[in-house]
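Reckoned from all heavy atoms, side chains included, excluding hydrogens, waters and symmetry mates.
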Amino acid sequence: MNRRIVFILVALAVIIPMLLPVSLPVSVSEPTQQLYDYITALPAGSTIMLAFDYGPASLAELNPMARAVLRQCFDRDVRVIGFTLAADGTTLASTIMREVAEEKGAVDGEDYVFLGFRPGGTQVMLGMGNSISSVFETDYSGNTTTEIPMMKEITSYDEIALLIDLASGSTTELWIIYTNVRYDLQIAAGVTGVIISQMYPYLQTGQLVGLIPGILGAAQYERLIDVPAKGMLWINIESFVHLLIVLLVVIGNIIFFNQRRREE
Amino acid sequence: MELFGIWVAALLTLCIYSFLYQDNPFYRFAEHLFVGISVGYGIVLSIHQGLVPFALKPLWAALTGESLSGLVKLIPIGVGLLFFARLSPQHVWLIRYPIAILIGFGAGIAIPNVLRANIFEQTRGTIEPFAAMHAGTLSGFGVLEAILMVAGVVCTLTYFFFSVEHRGPVKWLSKVGIAFLMIGFGSAFGNTVMGRVALLIQRVDFLLGDWLNLIS
């Protein structure tokens with residue numbers, strides 16, 4: 001079969017359900033529920049960190065998660081410190097935080113702060129364990145970190161209830177290795193489909209308190225906060241594409257075994 | 001301006017997807033543009049968010065007498081500059097010093113933490129359910145899960161144990177290990193497909209929604 005026929009079929013499986021939306025049920029998996037419950041149980045006024053460790057190439061899966069988590073935090077008066085270790089994720093992260101904050105009426109500097117980007121990866125993780133303001137002297141807008149109202153009481157990981165790493169690479173493992181082990185910081189993750197399988201061992205041991213797995217996890221989170229958005233829309237379309245792929249795999253195998261039998 | 005951005009993004013998206021038909025100059029233009037902009041953006045941001053606040057600003061403050069503590073920064077700056085010794089064949093040996101410091105720091109900080117996170121904690125996680133089983137607090141499904149997990153770990157490790165010939169029971173254990181590995185790879189592949197399809201859906205959503213306004 002010409003591979004271009006497969007491309008056309010996949011394109012149709014995406015375009016048709018997008019133009020004629022169908023709502024399929026989404027059941028919530030345990031790892032997603034665990035993260036939702038953890039944030040729900042935090043007292044009002046707690047502070048979490050949200051690491052936007054991804055760039056535009058992975059926004060399809062991670063942006064819906066970021067928005068859903070931020071909505072839950074702002075609804076529950078949980079303060080959020082955002083930052084990124086990915087240079088190309090800076091503008092993206094800043095925009096998401098600002099948009100969700102505007103939607104929820106959260107105030108910059110009081111309910112949330114976006115610290116921006118710092119190069120160095122591991123050094124940034126370790127440095128914030130001693131002093132956040134020594135790594136981020138100013139926030140993304142240029143305000144001195146120690147003078148930002150919500151940052152006056154926050155100096156290091158000691159005042160952070162949870163760090164959620166939205167990752168498209170290996171940063172979640174680094175956060176676990178360097179901050180969970182060394183500083184006992186509670187970690188949760190929202191990751192792209194490619195790395196979901198690598199995260200389950202950490203979830204089983206409790207090194208991750210929760211996990212949002214790919215676009216499916218984003219849809220589940222949107223269901224939990226009861227704000228259907230892109231995640232729930234896209235997971236419905238995913239279902240059609242997955243059905244098509246299963247069908248193509250079955251057809252491919254039938255053709256393969258028929259050809260082999262004929263050759264024998 | 002926003003409309004202009006949408007048009008540029010839409011046309012570049014189509015350029016990239018044109019590769020599905022065959023390789024062509026439009027695809028290569030979009031690919032080179034993406035790589036160039038990403039690298040350029042990354043370098044500029046690293047200079048502004050790393051080099052300037054951590055090296056140049058403190059050094060300038062020291063030079064102007066504002067805060068002499070900035071002079072300490074001369075040490076890491078000097079060590080960092082030694083990387084450029086690579087450009088001179090006569091002084092190339094100097095690069096060993098920054099590399100030695102980086103490896104020494106990296107290994108020193110990584111080894112204890114990696115051992116604890118990836119070896120000790122994972123071993124604990126594999127064994128711990130048996131303590132719960134012994135205490136009678138594990139459900140029937142939990143017992144099955146714990147046994148399956150230990151069987152998976154033992155069989156998979158046996159497959160990668162090359163000090164004995166894979167014959168008899170060792171052969172069968174390693175064959176079961178292969179089955180566990182295949183299940184793991186299958187799960188990873190399935191999740192990867194989900195991720196890749198999500199990227200396509202997001203782009204089609206952008207083209208049909210933001211660009212063509214066919215969906216709200």
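Heavy-atom distances place the side chain of F105(B), and not its backbone, under 4.5 Å from chain A. The part of P129(B) that comes within reach of chain A is its side chain, from C-beta onward, which places non-hydrogen atoms under 4.5 angstrom from that chain. For L208(B), the part lying near chain A is the side chain, with the backbone staying farther off; criterion is any non-hydrogen pair under 4.5 Å. For P21(A), no part sits under 4.5 Å from any heavy atom of chain B, backbone or side chain. For Q198(A), no part lies under 4.5 angstrom from a heavy atom of chain B. Proximity to chain A is limited to the side chain of I215(B), based on heavy atoms less than 4.5 angstrom apart. Heavy atoms closer than 4.5 Å to chain B are found nowhere in T179(A), neither backbone nor side chain.
Counting heavy-atom neighbours within 6.0 Å of Y159(B) OH, excluding the residue itself, gives a total of 12 or less. For F34(B), the CZ atom sits in a loose shell: 12 or fewer heavy atoms of surrounding residues, nucleotides or ligands are nearer than 6.0 Å. Within 6.0 Å of CZ in F189(B) there are 12 or fewer heavy atoms belonging to other residues, nucleotides or ligands. Around the CD atom of E66(B), the shell of radius 6.0 Å holds no more than 12 heavy atoms that belong to other residues, nucleotides or ligands. For F162(B), the CZ atom counts as densely surrounded, since its 6.0 Å shell holds more than 12 non-hydrogen atoms of other residues, nucleotides or ligands. Crowding of R86(B) atom CZ: a count of heavy atoms from other residues, nucleotides or ligands under 6.0 Å not exceeding 12. Taking a 6.0 Å sphere around CZ of F26(B), one finds it holds 12 or fewer heavy atoms contributed by other residues, nucleotides or ligands.
With values rounded to the nearest 0.5 angstrom, Q49(B) atom CD is found 7.5 Å from Y140(A) atom OH. One distance of note links CD of Q22(B) with CZ of R4(A); it measures 6.5 Å at 0.5 Å rounding.
Here I196(A) is the residue among T138(A), L19(A), I196(A), I215(A) with the most heavy-atom pairs under 4.5 Å with chain B. The greatest number of non-hydrogen atom pairs below 4.5 Å with chain A, out of V204(B), L214(B), V193(B), T126(B), is found for V204(B). Interface remark: of the candidates M149(B), H48(B), R203(B), E128(B), M149(B) forms the most heavy-atom pairs closer than 4.5 Å to chain A. Your options are I15(A), V14(A), I245(A), and the one with the most heavy-atom pairs under 4.5 Å with chain B is V14(A). Per-residue heavy-atom pair counts under 4.5 Å with chain B were compared for I195(A), D88(A), L174(A), and the maximum is reached by D88(A). Counting heavy-atom pairs closer than 4.5 Å to chain A, the top-ranked of the candidates S38(B), G42(B), S46(B) is S46(B). Ranked by non-hydrogen atom pairs under 4.5 Å with chain A, the options Q122(B), R124(B), R116(B) are led by Q122(B). By number of non-hydrogen pairs under 4.5 angstrom with chain B, the leading residue of F7(A), F117(A), Y202(A) is F117(A). Among the candidates V197(B), N191(B), L51(B), L200(B), the residue making the largest number of heavy-atom pairs closer than 4.5 Å to chain A is N191(B).
The two atoms that bring I176(A) and A117(B) nearest to each other are CG2-CB, 4.3 Å, heavy atoms only. For R182(A) against I109(B), the heavy-atom pair with the smallest separation is NH1-CD1, 3.7 Å. Among all heavy-atom pairs drawn from E238(A) and M194(B), the shortest one is OE2-O, 2.6 Å. Residues F54(B) and S134(A) approach most closely at CE2-O, 3.5 Å, considering heavy atoms. Annotation for A198(B) and E61(A): closest pair CB-CG, 3.7 Å, computed over non-hydrogen atoms. Here the shortest heavy-atom pairing between A87(A) and Y41(B) reads O-CE2, 3.4 Å.
Taking the side chain as every heavy atom from C-beta outward, Q202(B) and S58(A) never approach each other to under 4.5 Å. At a threshold of 4.5 Å between non-hydrogen side-chain atoms, the residues E137(A) and K57(B) do not count as touching.
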Exercise for the section: Test E173(A) against N118(B) for side chain to side chain contact (heavy atoms under 4.5 Å, CB included), laying out the working first. Expected result: CA-CA 9 Å; E173(A) 282 169 315; N118(B) 287 349; 5.7 Å; no
Handout entry: Worked check of side chain to side chain contact (heavy atoms under 4.5 Å, CB included) between I201(B) and M18(A)
Key = CA-CA 9 Å; I201(B) 293 171; M18(A) 199 169 278; 3.7 Å; yes
Practice task
Decide side chain to side chain contact (heavy atoms under 4.5 Å, CB included) for D205(B) and I237(A); before the verdict, give the C-alpha distance in whole Å, the side-chain angles of both, and the deciding distance to 0.1 Å.
Solution key: CA-CA 11 Å; D205(B) 185 286; I237(A) 301 166; over 6 Å; no
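Between the R118(A) side chain and the G50(B) main chain, no donor and acceptor come within less than 3.5 Å of each other.
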